[in-house]
Amino acid sequence: MKSQDIRTKFLNFFESKKHSIVPSAPMVLKDDPTLMFVNSGMAPFKEYFLGNAQPKNNRISDSQKCLRVSGKHNDLEEVGYDTYHHTLFEMLGNWSFGDYFKKEAIAWAWELLTEVYGIDKNILYVTVFEGDKADGTPMDNEAYDLWKNIIPEDRILMGNKKDNFWEMGEQGPCGPCSEIHVDIRSEEEKSKVDGKTLVNMDHPHVVEIWNLVFMQYNRKADGSLENLPNKHIDTGMGFERLCMVLQGVQSNYDTDVFTPLIREIETITKMKYGKLENIDIAVRVISDHVRAVAFSIADGQLPSNTGAGYVIRRILRRAVRYGFTFLGKKEPFIYRLVDVLTKTMGKAFPELKIQKQLIENVIREEETSFLRTLDQGLLLLDGVISSTKGKEVSGKRAFELYDTYGFPKDLTALILNEKGFTYNEQEFEAELKKQKERSRSASETSTEDWTVLLEDCEEEFVGYDTLEAEVKLTRYRKVTSKKDGEMYQMVFNLTPFYAEGGGQVGDKGYLEVPNGDVVYIIDTKKESNVIIHFSKNLPKHINETFKAVVDAKQRFRTECNHTATHLLHQALREVLGTHVEQKGSAVHSKYLRFDFSHFSKVTVDQLRQIEDFVNRRIDGKLPLEERRNVPVADAMKQGAMALFGEKYGDAVRTIRFGQSIELCGGTHVNNTGDIWHFKIRSESAVASGIRRIEAITSDAVKDFYFENNRSYYEMKDLLNNAKHPVKALQSLQEENTNLRKQIETLLKDKAKNLKNELINELEDINGVQFLAKKVDLDPSGIKDVAFGMGEKHKNLFLIFGTATEGKALLTCYISKELVTERGLNAGQVVRDLGKFIQGGGGGQPFFATAGGKNPAGITEALSAAKNYI
Ligand code: ATP
Ligand code: MG
């Protein structure tokens with residue numbers, strides 16, 4: 001069965017069980033501070049499990065892109081070494097939100113695997129939670145009894161808390177689970193070792209394929225459990241592992257999900273897969289990682305230096321490294337796999353196909369720059385080796401290379417090994433541990449349980465229509481962290497505060513408490529669909545009604561920038577072309593930043609056109625046309641622009657100004673005329689094929705012009721109120737150039753005259769033509785004088801002293817004959833005499849200089865010079 005069909009069959013099966021089929025959510029999470037990437041099928045539905053939102057259908061099924069490379073689930077180091085863990089994989093899932101429970105979940109899983117897919121029952125095992133004595137969680141008897149009816153009891157195994165109890169986090173929904181494992185070993189192997197003993201033992205051919213989670217408890221901050229009022233089902237089956245079973249192969253990499261990529265790697269590198277362990281690992285790493293990176297870029301997450309972008313960068317670098325070390329690829333090649341990848345996956349995930357060009361560009365650029373880093377790292381490593389005594393490099397130095405230059409430790413080890421060196425691994429690990437502890441303690445937070453004041457109260461956002469509202473606190477909690485100290489998070493029954501989202505910053509403002517107190521709201525953020533207000537303190541009378549007031553000035557400036565962002569987007573597509581896709585947007589009160597795909601620098605002329613385009617629409621006073629709750633399909637039909645990597649509900653909000661229509665949840669001015677003016681401040685590159693524009697509007701433009709104007713008048717003032725300051729400045733510059741030329745000539749003349757004068761002052765001491773003198777000349781003039789005299793006279797010993805602005809300089813010139821015949825050394829002379837001017841210096845035996853900070857010592861130094869002859 002082809003992988004495409006395997007996926008379709010899964011979805012069709014659950015559709016027949018009344019599930020709504022939804023597309024995969026983007027992999028990069030936007031409003032979940034606890035998670036960077038979706039790492040399981042349930043992550044996009046968290047708000048439903050937490051009861052913060054209601055799904056349209058309480059049965060859902062999908063195939064979700066997951067990435068397990070950071071945080072709680074991190075399989076990165078396994079990937080490539082085993083044959084069944086990936087960074088990016090698809091998780092097939094079915095969900096019940098307070099609808100069906102264990103009975104159906106178990107029966108349907110079994111029906112699908114054994115009847116629809118026709119997997120032999122005799123290769124399947126299931127596990128059931130055995131209970132936990134320590135915290136009193138009971139065994140899952142209910143699941144055991146259900147399984148007993150469909151599978152022989154000797155195929156039901158007991159599982160511990162680690163494998164068979166699922167928790168969303170330290171707190172929140174959790175429950176026991178049942179896993180389904182397959183044994184795909186040969187009959188011969190099976191006869192030797194009982195499959196039962198290999199379940200959950202990391203055997204490559206006895207693997208877990210499906211996990212059924214029965215969410216029935218809520219874990220509180222003190223660790224205790226309470227029953228959930230609504231029980232949920234959350235299941236996840238590894239798509240690639242299922243393909244392995246159904247295609248009768250022994251490795252995920254031998255399924256048609258991976259073989260086209262592997263064939264392409266073989267063609268490009270001229271290496272064969274399946275012959276040598278190291279090569280195989282590298283091939284698996286690369287075929288896996290290119291998927292993770294490509295999907296991430298398609299979802300709008302580019303490689304970068306921080307956060308999620310850095311994780312992606314590290315994955316790509318890991319792939320480059322394996323290619324570099326084991327496949328001998330010293331030039332970019334991973335980007336060349338994107339073509340095959342889009343051919344095999346582009347149908348199920350169109351975002352890949354549409355953005356293929358961009359994905360290729362970004363990957364190639366990253367590869368190129370990392371290969372350069374590797375080259376530099378090799379040089380650095382050479383330096384480290386040459387400064388190492390013995391054969392062991394310090395672990396601290398190896399860590400430095402890793403930490404500062406991104407030079408991986410296994411590559412360090414490999415290269416050192418080739419040169420007969422090793423590094424101290426213990427020291428390295430100790431440094432790594434120290435660093436981890438530093439970052440852990442910096443990010444440590446403790447979160448209290450919510451204190452609920454009003455039960456079952458849905459929060460309503462009224463901030464599109466008003467900036468003030470009478471509100472009641474429904475729940476709050478205290479969060480303590482090193483970074484922010486103690487902070488309160490508050491949720492209200494309704495709120496005018498806009499929560500950070502869609503690139504727009506969260507509102508600030510205050511609460512007016514009846515007794516006259518004011519509590520400041522310093523930020524507003526969304527977490528799993530709940531609007532959370534951050535404050536340093538809690539209002540005294542928490543049960544009262546408060547007046548919540550948004551900082552109108554900040555909101556207005558932000559709105560100007562948000563509306564301008566839409567107009568800018570439109571302008572870019574108009575002026576540069578429709579290949580322009582939004583790749584990132586930050587809307588602040590002071591400025592806006594917009595990243596977009598475009599392959600070359602935007603010219604000054606184009607920037608001008610873009611600015612004009614936006615300003616014409618501002619001058620045109622276009623009114624805001626806002627529509628809420630529009631079905632997605634209708635919005636798209638109108639020509640609204642949707643973004644890759646953005647999760648949209650069934651009903652969306654559209655924002656229209658003239659011909660600009662966008663799906664947008666942000667806040668906007670009522671009329672483009674409010675923006676007053678739009679000004680681009682900079683245009684730059686963010687990554688290959690991605691440009692960034694930063695711009696300002698309204699008050700910020702006024703400030704900008706005001707500042708410019710002020711410096712203009714200051715400058716004009718300095719130019720004695722010249723009528724044409726630019727001309728005045730130009731003639732000043734010309735004058736300056738001419739004067740400089742004149743000075744140069746004068747100095748040359750001066751040196752020449754001095755030379756002639758000094759020749760007359762030479763004193764013959766024991767056949768040495770000696771002169772020690774304080775002169776008033778610049779260093780290069782002195783050098784000219786000394787060498788000029790040297791051309792005409794033999795046996796010279798010259799020592800000059802100069803004093804300028806509190807600094808002293810000694811210059812010594814000694815003719816070559818004296819150097820060779822009498823062993824005199826100018827370098828030594830200035831080093832010795834340097835002590836008189838509190839300084840030092842050096843140079844060659846026939847010419848040297850010393851600088852110092854004591855001009856008063858010059859006379860003494862000069863008279864001491866005679867001693868050398
Ligand atoms: P394992 O113990 O094999 O790592 P898990 O317990 O981490 O699996 P779950 O978190 O229960 O797995 O995820 C549900 C399913 O997703 C698993 O049964 C498996 O089929 C699949 N899966 C999990 N991690 C990966 C991965 N890194 N690559 C591919 N498939 C995976
Ligand atoms: Mg795992």
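In listed order, ligands and their atoms are each counted from 1.
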Trainee: Tell me, which protein residue and heavy-atom name are nearest atom 28 (N) of ligand 1, and how many Å apart are they?
Mentor: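 For atom 28 (N) of ligand 1, the nearest protein heavy atom comes out as H86 N, 2.8 Å.
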Trainee: Using a 4.0 Å heavy-atom cut-off, which part of R241 comes near ligand 1: side chain, backbone, both, or neither?
Mentor: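 Answer for R241: side chain.
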Trainee: Is the distance from the ring center of H19 to that of Y100 below 6.0 Å?
Mentor: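 Centroid separation for H19 and Y100: below 6.0 Å.
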Trainee: What protein heavy atom lies closest to atom 14 (C) of ligand 1? Include the residue and the distance to one decimal.
Mentor: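 Looking only at protein heavy atoms, the one closest to atom 14 (C) of ligand 1 is G236 O, 3.4 Å.
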Trainee: Looking only at non-hydrogen atoms, which of F89, W210, F239 approaches atom 16 (O) of ligand 1 most closely?
Mentor: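 Shortest heavy-atom distance from atom 16 (O) of ligand 1: F89.
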Trainee: Identify, for atom 11 (O) of ligand 1, the protein heavy atom at the shortest distance, and state residue, atom and that distance.
Mentor: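 Scanning the protein heavy atoms, the shortest distance from atom 11 (O) of ligand 1 goes to N211 ND2, 2.8 Å.
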Trainee: In plain terms, say whether E266 and R263 are close enough for a salt bridge, that is, a side-chain N and a carboxylate O under 4.0 Å apart.
Mentor: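 Yes, this pair counts.
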Trainee: Would you call Y84 a ligand 1 contact, heavy-atom distance under 4.0 Å?
Mentor: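 It does, in that a heavy atom of Y84 comes within the 4.0 Å cut-off of ligand 1.
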Trainee: State, without any angle test, whether W95 and T235 hold a side-chain donor-acceptor pair at a distance under 3.5 Å.
Mentor: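 No pair is found: no donor N or O on one side chain lies under 3.5 Å from an acceptor on the other.
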Trainee: Compute both the distance and the angle, then confirm whether K17 meets the cation-pi test with F14: under 6.0 Å from the six-membered ring centre, within 45 degrees of the axis.
Mentor: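 Output no; distance or angle outside limits.
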Trainee: Purely on distance, is any nitrogen or oxygen of H85 under 3.5 Å from one on ligand 1?
Mentor: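 Yes: some nitrogen or oxygen of H85 is under 3.5 Å from one in ligand 1.
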Trainee: So for ligand 1, is E240 a polar contact partner (N or O within less than 3.5 Å, distance only)?
Mentor: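 N/O-N/O distance below 3.5 Å does not exist for this pair.
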Trainee: For M91, which part has a heavy atom under 4.0 Å from ligand 1: side chain, backbone, both, or neither?
Mentor: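 The part of M91 near ligand 1 is the side chain, not the backbone.
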Trainee: Regarding R7 and the six-membered ring of F239, is the cationic atom NZ or CZ under 6.0 Å from the ring centre and inside 45° of its axis?
Mentor: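 So R7 does make the cation-pi contact.
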Trainee: Which residue holds the protein heavy atom closest to atom 18 (O) of ligand 1, what is that atom called, and what is the gap in Å?
Mentor: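 I find the closest protein heavy atom is E208 OE2, 2.7 Å.
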Trainee: Please work out, at 4.0 Å between heavy atoms, whether the side chain, the backbone, both, or neither of R68 comes within that distance of ligand 1.
Mentor: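 Side chain only; the backbone of R68 stays clear of ligand 1.
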Trainee: Is there a polar contact between ligand 1 and G238, counting only N or O atoms under 3.5 Å apart?
Mentor: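 Looking only at distances, the answer is yes, because the N/O contact criterion of under 3.5 Å is met.
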Trainee: List the steps and the verdict of ring-ring contact (aromatic ring centres under 6.0 Å, His included) for Y402 and F428.
Mentor: CA-CA 10 Å; Y402 159 80; F428 184 99; 5.6 Å; yes
Trainee: For the residue pair R364 and Y335, would you count it as a cation-pi contact if the rule is NZ or CZ under 6.0 angstrom from the ring centre and within 45 degrees of the ring axis?
Mentor: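 Judged by the rule (NZ or CZ under 6.0 Å from the ring centre, within 45° of its axis), R364 counts as positioned above Y335.
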Trainee: Between D75 and ligand 1, which residue portion shows a heavy-atom distance shorter than 4.0 Å: side chain, backbone, both, or neither?
Mentor: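 D75 to ligand 1: side-chain contact only, backbone stays beyond 4.0 Å.
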Trainee: With rounding to the nearest 0.5 angstrom, report the CZ to CG distance, F13 to L92.
Mentor: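 Rounded to the nearest 0.5 Å, the CZ-CG separation comes out at 12.5 Å.
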Trainee: What do you reckon, is CZ of F370 surrounded by more than 12 foreign heavy atoms closer than 6.0 Å?
Mentor: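 More than 12 heavy atoms, drawn from other residues, nucleotides or ligands, come within 6.0 Å of this atom.
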